[in-house]
Amino acid sequence: MLKQIQEKLLFGLFMLLGLVSSAMAAVGDDPGVDAINALSGKATLYITASFAVAVLVAGGFWGIAMMKKAFSRAK
């Protein structure tokens, strides 16, 4: 009985692996997936640029605060 259950589980595992491998092969030919993967470079560029802008804005506010402190002490 246990041997039959093990054989059925092993057969099910091989069937599942076959299904997964065929699904992966089908996804590899999908032009939509290729287009999404091509956007990865642009997304990285945009994320880097937005981070640089955020640092620039934060630095600007910090600079303004420091100038206010300096000018208020100069009175």
Side-chain angles (χ1 to χ4, degrees):
M1 179 73 173
L2 184 60
K3 181 86 171 161
Q4 291 175 345
I5 293 173
Q6 287 176 341
E7 288 175 358
K8 288 182 182 181
L9 285 175
L10 190 59
F11 178 74
L13 178 66
F14 283 124
M15 290 297 291
L16 184 62
L17 287 175
L19 181 65
V20 168
S21 65
S22 66
M24 293 297 283
V27 168
D29 297 336
D30 189 6
V33 173
D34 294 336
I36 290 171
N37 289 335
L39 290 175
S40 175
K42 286 186 180 180
T44 303
L45 177 68
Y46 291 149
I47 290 169
T48 305
S50 64
F51 182 72
V53 168
V55 168
L56 184 66
V57 169
F61 281 119
W62 178 81
I64 290 170
M66 292 297 114
M67 286 176 21
K68 282 183 179 180
K69 283 183 182 180
F71 291 145
S72 68
R73 289 184 183 163
K75 286 184 180 180

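Note that the structure is a prediction, hence the values are computed from the model and not measured.
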Are Val53 and Phe61 joined in one hydrophobic group, where the rule is that I, L, V, M, F, W and Y side chains link up if heavy atoms are under 4.5 Å apart?
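Linked within one cluster.
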Would you compute the distance between atom CD1 of Ile5 and atom CG of Leu10 and round it to the nearest 0.5 angstrom?
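That separation rounds to 13.5 Å.
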Is the number of heavy atoms from other residues, nucleotides or ligands under 6.0 Å of Met15 CE greater than 12?
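No, CE of Met15 has 12 or fewer neighbouring heavy atoms, counting only those of other groups under 6.0 Å.
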Enclosure of Gln4 CD (heavy-atom neighbours >12, cutoff 6.0 Å)
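Count not over threshold, so no.
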